Every structure is written in C-alpha cells, then in structure tokens.
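See below for the structure under consideration.
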Number of protein chains: 2
Amino acid sequence: MAKEKNYVSEAVMRRMPKYYRHLTDMEKAGIERISSKELSKRMGLTASQIRQDFNCFGGFGQQGYGYNVSELRQEIQKILGLHNEYHIIIIGAGNLGQALANYTGFEKDGFFVKALFDINPRLIGMSIRGIPIYDIDEMESFISENEVHIAAICTPKEKAQEAAEILIQSGVKGIWNFAAVDIAVPNQAIVENVHLSDSLYTLSFRMSDD
Amino acid sequence: MAKEKNYVSEAVMRRMPKYYRHLTDMEKAGIERISSKELSKRMGLTASQIRQDFNCFGGFGQQGYGYNVSELRQEIQKILGLHNEYHIIIIGAGNLGQALANYTGFEKDGFFVKALFDINPRLIGMSIRGIPIYDIDEMESFISENEVHIAAICTPKEKAQEAAEILIQSGVKGIWNFAAVDIAVPNQAIVENVHLSDSLYTLSFRMSDD
DNA sequence: ATAAATCTGCCATATTATTGACATGAGAGA
DNA sequence: TCTCTCATGTCAATAATATGGCAGATTTAT
C-alpha cells in the first residue's frame, strides 16, 4: 500500500518522530483508532497537515474510520527505520557520554550502546552498565572489528571535527553530534546535531522577547 | 540603530543561536570583520538569507565593509537575551540531570544551576559541584525564596507534565524540557523541548532513506 | 436496509520562507 | 581626489509549506 519513499520534505521528516512518540503512547494507553482531527488536537497541528504528512508515504487511513493506532505506529516505525537494530559507540566518556550510556530508554527502539572511547586514562578500562570504556586509539580497530552504525560525539568541541573524520573514514554512517560545533562531513555520512546551547539560547530569546 | 524587535519568524529565531555560536568562535579566532558571503560559506547558508536575517533586527553591517564580528556578536547576544543572568534548577537528578549540573559550559553565557531536586532519598542531601540536591517537596518553597528563571525537567516522562505545572504555578517562566513528552503550558510560560529520541529517530530515518 | 454522519485522500489556494537581483554607499588604491 | 570594487539593505521572484474544501468511501444509527 505504502508508496515508494522518494522525496520527503524536511518539515515532514521532522514531524515523523513526534507522530511515532504520540502513537506509541496512545497504543500503550489502549487507544485503538484515531482520526486526524483528534490527533490534531492532541498534537497541536492541523488535521489537514496530518493527513498530508501521512500521504507522503501512502494512505494509512480509511474513510469514515480514521487510522488504526497500532497499524499506523508500525508503518511509521518502518518509515523511521526503527525496525532495524543499531549499534552505537560514544566518543567522549565525560558527563554527557556517561549519561547517554546509562540511559536505557533507546534500547526499546533498537539502539544499543556497544562501547565508549576516551583519552582520560582514569576512565579507560572502566565500564558503564557493562559497556566498556576504551582508549580512543582503539576506536578505529574497534569499528573495523565490530559493526558500528552510529557514533555519538560527546567530546569537547575542539576535538569533534577530527573525531568525526576518523569515524567516517572508518565506515560509520551516522554521527549524532552533541558538541557545540557544526561538523562538516562528506555526502555519504549523515550528521544529526543536538546543540543544547542553541536550545538554551532560544529559550532565553523567547523569554526576553516581550 | 537596531529596530524595535516586533515579530521574528520561527525560522529566523532558530538560526540566531547558530550565528551567535559562529561569531563567538570567530571572535575568539581573532577575526575582525566578515562579509555575508564569507559567513555563508562558513555556515552553509546563502548570503542573502544571512543579510535578511540580520535585517529583522535592523542593519548591523556596512556597505563595502561587511560586519564587524565582535559588534555583531554583541548585538546578537543582546537579541538572544544573553546579557542577562539566569538561575536554573534541575528537576530530576538522574543521569541527565547530573550531567547538566556538571557541565560548566553555559556559565559563560550567564546560566547558573542553583539546585537539583529529586525524589530518591539516596540522592537528596548530596551535591554536585557544590550544587545541592534537595527533596522535590522543597521545590516550591525554594522557588519562592530564590529567584528561579528556568527549570530543566529531567524526570521520567510520566512525571514531566505534573512537574511543569507546579513549576509554572510557582512562577518559573522558562521550561527546558528533556523528557520525551510534549508539555502543555499556559501562555505566559515558555517551553523549549530537547527531544533526544526524536533526533535519534531522525538520524535513523535519514540513514535508511536511500 | 436506508439515511445521516464521519473522515480520508487529494487538489486548489494561501501563507511563509528562501533566493536572486540591484541601487546605493563605503572603503581601497592610484 | 577620483575611480573601481566590494558588500549591504531591500525588493521582487521563486520555492516550500500549510490550510481549506470537497468528492467519495465507510461506519453508525435508526
């Protein structure tokens, strides 16, 4: 039923995770069906937009009925690629790196942290939830010997670009960047930035904006 | 020179922190002036867009010269409200809450963490970098006795909405939400979401999208 | 069984954002 | 001083995104 995925606009893509999140919650709450109108109230979007968003991937709904929650959730799960299993390594075992490694919430969606890497000799050899912290020098060989899909960069910003280059050269396709810099990468790789400072600045802006 | 700030589009607002970040880096690197063209190369935007963005706030540049880096940085700093000092409390002293408390990088922009709150008796009474962890029951009285501008919600998602309501009722204006839910708040309050799962899903989507 | 109400998928329209073009003014060099 | 070059601010054109409306399919009520 679903059309071949060709082009999906940036705007639509950014909303898909949100749909997935809400649908997962609804399914857990035992809700079986939902109309675009109800969903729009719940999510603060227009019903029209929701219908159009889903239509990028082919129609999942039924006239007069609406959408089946768990079916729709499954479709979006597939669209997001969450039916796959991803292996993650974390570069930088500082505050943030450790917090990510400790967090188990992503495992239900198939994301598993396999190792951390750091330069600090006091951290190397330790482990978090059984996940080992290795010397950063071992990163390349680890990647070549283990399947690594995603690397989370949690280094100071000065080291982030260099780390990314090594990672991509070693064959890692996805970079989840937490360092406060915009990383430049070749086309085959994909960077998703989480700029905490940007979001804090935005908050500040909106708080002072009136 | 700068026009009165009236309406700034979402899109422009989201780019401002990025400008600030790059300008700060440039200033630190000793760069004195920059043209929109050069900046566009550096940031991956078009020169036209950059000029138009800055013009939302009044012209900061000079024909034939370009923009003075440190002057422009200062203007954007003011626009973002980063000339103020903000007091932050963190709700939930788990992995992420602790990581935020340990991170000192926001202090240079005037953001100071004053306290953490948790329900876990093993954490209550401890401190992080000298920042105390209190019982969540003391949150309201703490807010009334201390000036608190921003609360970072780092609780499990089930508790996030409730926490937000208490916070806003107590007079906190800004919510920096790290829980994986969309928090509903009255108009006077401002919520900035950091949905790590959304960003990871987006990465997954783009990695499987070809 | 039939009528009324519901709700999707799609298309046409409206709104918003980005890009391109250019007149004008400042700086640099001779 | 004069001319050439550079680069802004602004406006118009284009592109992207969101909204509104409706035909037709499906469910629900009678």
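Just so we're clear, the structure is a prediction, and the values are computed from it rather than from any experiment. Per chain, numbering begins at 1; letters A, B, ... match sequence-line order.
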Could you state the atom-to-atom distance from [atom1] of [X] to [atom2] of [N] in whole Å?
X: N55(A); N: dT8(C); atom1: CG; atom2: C1'; answer: 8 Å
X: F54(A); N: dG9(C); atom1: CZ; atom2: P; answer: 10 Å
X: F60(A); N: dT8(C); atom1: CZ; atom2: C1'; answer: 13 Å
X: Q49(A); N: dA12(C); atom1: CD; atom2: P; answer: 20 Å
X: F57(A); N: dG9(C); atom1: CZ; atom2: P; answer: 13 Å
X: Q62(B); N: dG27(C); atom1: CD; atom2: C1'; answer: 9 Å
X: E10(A); N: dA16(D); atom1: CD; atom2: C1'; answer: 12 Å
X: N68(B); N: dG27(C); atom1: CG; atom2: P; answer: 12 Å

Q52(A) meets the side chain to side chain donor-acceptor pair (under 3.5 Å) criterion, sequence neighbours left out, with none
Just to be sure I understand the rule, does [X] reach a base, reach only the sugar-phosphate, or reach nothing, if contact means heavy atoms closer than 4.0 Å?
X: R33(A); answer: sugar-phosphate
X: R14(B); answer: nothing
X: Y67(A); answer: sugar-phosphate
X: T46(A); answer: sugar-phosphate

Between G64(A) and R51(A), the residue closer to the 5' end of DNA chain D by nearest nucleotide is R51(A)
Assert: residue with more 5' nearest nucleotide on DNA chain D, out of S9(A) and K37(B), is K37(B)
Evaluation steps, side chain to side chain contact (heavy atoms under 4.5 Å, CB included), between I119(A) and T155(A)
CA-CA 10 Å; I119(A) 50 167; T155(A) 64; over 6 Å; no
Practice problem: Would you kindly say whether E165(B) and Q161(B) are connected by a side-chain donor-acceptor distance under 3.5 Å? | Solution: yes
Note to self: Looking at E147(A), is its backbone amide N or carbonyl O close enough to the side chain of H87(A) to form a donor-acceptor pair, meaning the two atoms are under 3.5 Å apart?
What the structure shows: yes
Rounded to the nearest 0.5 angstrom, the CZ-CD1 distance for F112(A) and I131(A) is 10.5 Å
Result for 5'-nearest mapping on DNA chain C, choosing between Y65(B) and Q52(A), is Q52(A)
Note to self: Using only modelled atom types and a 3.5 angstrom limit, is any donor from either the side chain of Q63(A) or the base of dT26(D) paired with an acceptor on the other?
What the structure shows: no
Among the nucleotides dT17(D), dG20(C), dT8(D), whichever has the atom closest to the side chain of S35(B) is dT8(D)
Using a cut-off of strictly less than 4.0 Å, decide whether S36(B) has a side-chain nitrogen or oxygen near OP1 or OP2 of dT8(D).
yes
